[in-house]
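Sequential numbering from 1 along the given sequence is applied to the chain's residues.
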Amino acid sequence: MPESTPNPSEIKETMHPRNRHRMGYDFKALTKAVPKLRPFVTVNQYDNQTINFANPDAVKMLNRALLKQHYHIDYWDIPAGYLCPPIPGRADYIHYVADLLATTNNAVIRKGKKVRVLDIGVGANCVYPIIGHQEYGWSFVGVDIDEEALQSAKGIIDGNEDLKNAIELRLQKHRADIFLFAIKPGERFDLTICNPPFHASIKEAAEGSRRKWNNLGLKAGKEKEPVLNFGGQNAELWYPGGEAAFLKQMAAQSTHFGKQCLWFTTLVSKKENLRILYNALQKAGATDVQTINMSQGQKVSRIMAWTFLSAEDRQNWKDR
């Protein structure tokens, strides 16, 4: 994530052109939007304003300010320990899938509540639905296996008039399933989105936390376990078999809903898993598979998108 106040040399040209965060963080505007951010703002060695990204409280307050300044969100909070995602990266995902939808709409971005999006693993933060609705007016169904996370997301929705009647939340009671029991009979979605868990075990997730601390120039003492600056509960960070197993399960289950969803999409954090998912989708009978590359500074990620509809059915989708 960018760490300095905006100036011409700090433009994040690798971000999507419509991403509101391409110019970096304007801390003057952010602290005006949320004054409680001000105590966390410092000046780095390059004489630019920044925060300590190893401090979960600072990161959460930054997110609150970003959502207030750019997306007019009056209330946003998450319980301790839950995933506090980087807003610019989440925005990139939304803008790229908006472009994907435009491919079957004469290159025109589709807006409004008739565009329905299923967020698999909406989490306590509810960030994808917030950005998708505030940018494009889309309606969302957010699914999660964690009841506390859904209660948090509900609090965010209830605390913002703009989000009411735009986001529905559903508990996935079947922990091994992804689309099954999440999509109702006869229900249609223009998009599904997902940020999969990427570790294979709790131990692997803890090791990832330690690496994150080391990258930030910190060390965790024996008296204190390392905590990722963006948090993350077990269900958010790991899945038996890791990201590859989750993606294969996603590909297999998506076949049951090929006529009910225009585009299935997911983030893929590990490059080696692209081939695994692609092979699984070919086996499943996907008619089109696309890889969309994203970059936020040094962080590179990808969106994999697929459909089971013919080109003709895709073009006629919104008219059905």
4.5 Å side-chain heavy-atom contact, [X] and [Y]:
X: L101; Y: L262; value: yes
X: I156; Y: L163; value: yes
X: W76; Y: N160; value: no
X: R188; Y: C261; value: no
X: L274; Y: R302; value: yes
X: L169; Y: V141; value: no

Using the rule that two of Ile, Leu, Val, Met, Phe, Trp, Tyr join whenever any of their side-chain heavy atoms come within less than 4.5 Å, decide whether [X] and [Y] are in one cluster.
X: V43; Y: L30; value: no
X: Y96; Y: V127; value: yes
X: Y278; Y: L247; value: yes

Inset, instruction - Determine which pairs satisfy ring pair (Phe, Tyr, Trp, His ring centres under 6.0 Å) with at least one residue from residues 100-132, sequence neighbours left out, and list them in order. - result: Y93-Y128

In terms of side-chain heavy atoms, does [X] have a donor or acceptor partner in [Y] at a distance below 3.5 Å?
X: D288; Y: Q290; answer: yes
X: Q253; Y: D177; answer: yes
X: D162; Y: Q134; answer: yes
X: T42; Y: Q49; answer: no

Legend entry - Sidechain N-carboxylate O distance under 4.0 Å for R170, E168: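 So R170 pairs with E168 through a salt bridge.
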
Legend entry - K111 bridged to E135 by N-O distance under 4.0 Å: no

Inset, instruction - Give the intermediate values and the outcome of salt bridge (Lys or Arg N to Asp or Glu O under 4.0 Å) for residues R64 and D77. - result: CA-CA 7 Å; R64 187 177 295 171; D77 199 7; 3.2 Å; yes

Legend entry - Non-neighbouring partners of F264 that pass ring pair (Phe, Tyr, Trp, His ring centres under 6.0 Å), sequence neighbours left out: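 Testing F264 for ring pair (Phe, Tyr, Trp, His ring centres under 6.0 Å), a comparison that skips the adjacent residues, returns F179, W306, F308.
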
Legend entry - Chi angles and distances behind the side chain to side chain contact (heavy atoms under 4.5 Å, CB included) call for I183, Q260: CA-CA 9 Å; I183 300 177; Q260 292 178 248; 3.6 Å; yes

Inset, instruction - For a side-chain hydrogen bond (donor to acceptor under 3.5 Å, both in side chains) with W317, tell me which candidate from T104, N105, D190, T307 qualifies. - result: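 So the option named by the test is D190.
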
Inset, instruction - Run through I193, I292, N195 and flag the one making a side-chain contact (heavy atoms from CB on, under 4.5 Å) with L267. - result: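 Filter result, single survivor: N195.
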
Legend entry - Gap separating the OG1 atom of T50 from the CD atom of Q45, nearest 0.5 angstrom: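 If we round to the nearest 0.5 Å, T50:OG1 and Q45:CD are 10.5 Å apart.
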
Inset, instruction - Quick one: pull up NZ in K164 and CG in D158 and give me the separation to the nearest 0.5 Å. - result: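 Rounded to the nearest 0.5 Å, the NZ-CG separation comes out at 6.0 Å.
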
Legend entry - Sidechain-backbone polar pair: D146 side chain, A149 backbone, donor-acceptor under 3.5 Å: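 Yes.
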
Inset, instruction - Report yes or no: does T265 contribute a side-chain atom to a donor-acceptor pair with the main-chain N or O of M304 at less than 3.5 Å? - result: no

Inset, instruction - Give the ring-plane orientation class for F140 versus W138, where under 30° counts as parallel, over 60° as perpendicular and anything between as tilted. - result: tilted

Inset, instruction - Determine, step by step, whether Y136 and I94 satisfy the side chain to side chain contact (heavy atoms under 4.5 Å, CB included) criterion, reporting the C-alpha distance in whole Å, the side-chain angles of both residues, the deciding distance to 0.1 Å, and the verdict. - result: CA-CA 9 Å; Y136 299 114; I94 292 296; 3.8 Å; yes

Legend entry - More than 12 heavy atoms of other groups within 6.0 Å of E147 CD: no

Legend entry - Which residues share a side chain to side chain contact (heavy atoms under 4.5 Å, CB included) with A91, sequence neighbours left out: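 Listed in chain order: N19, H21, Y71, H95, I131.
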
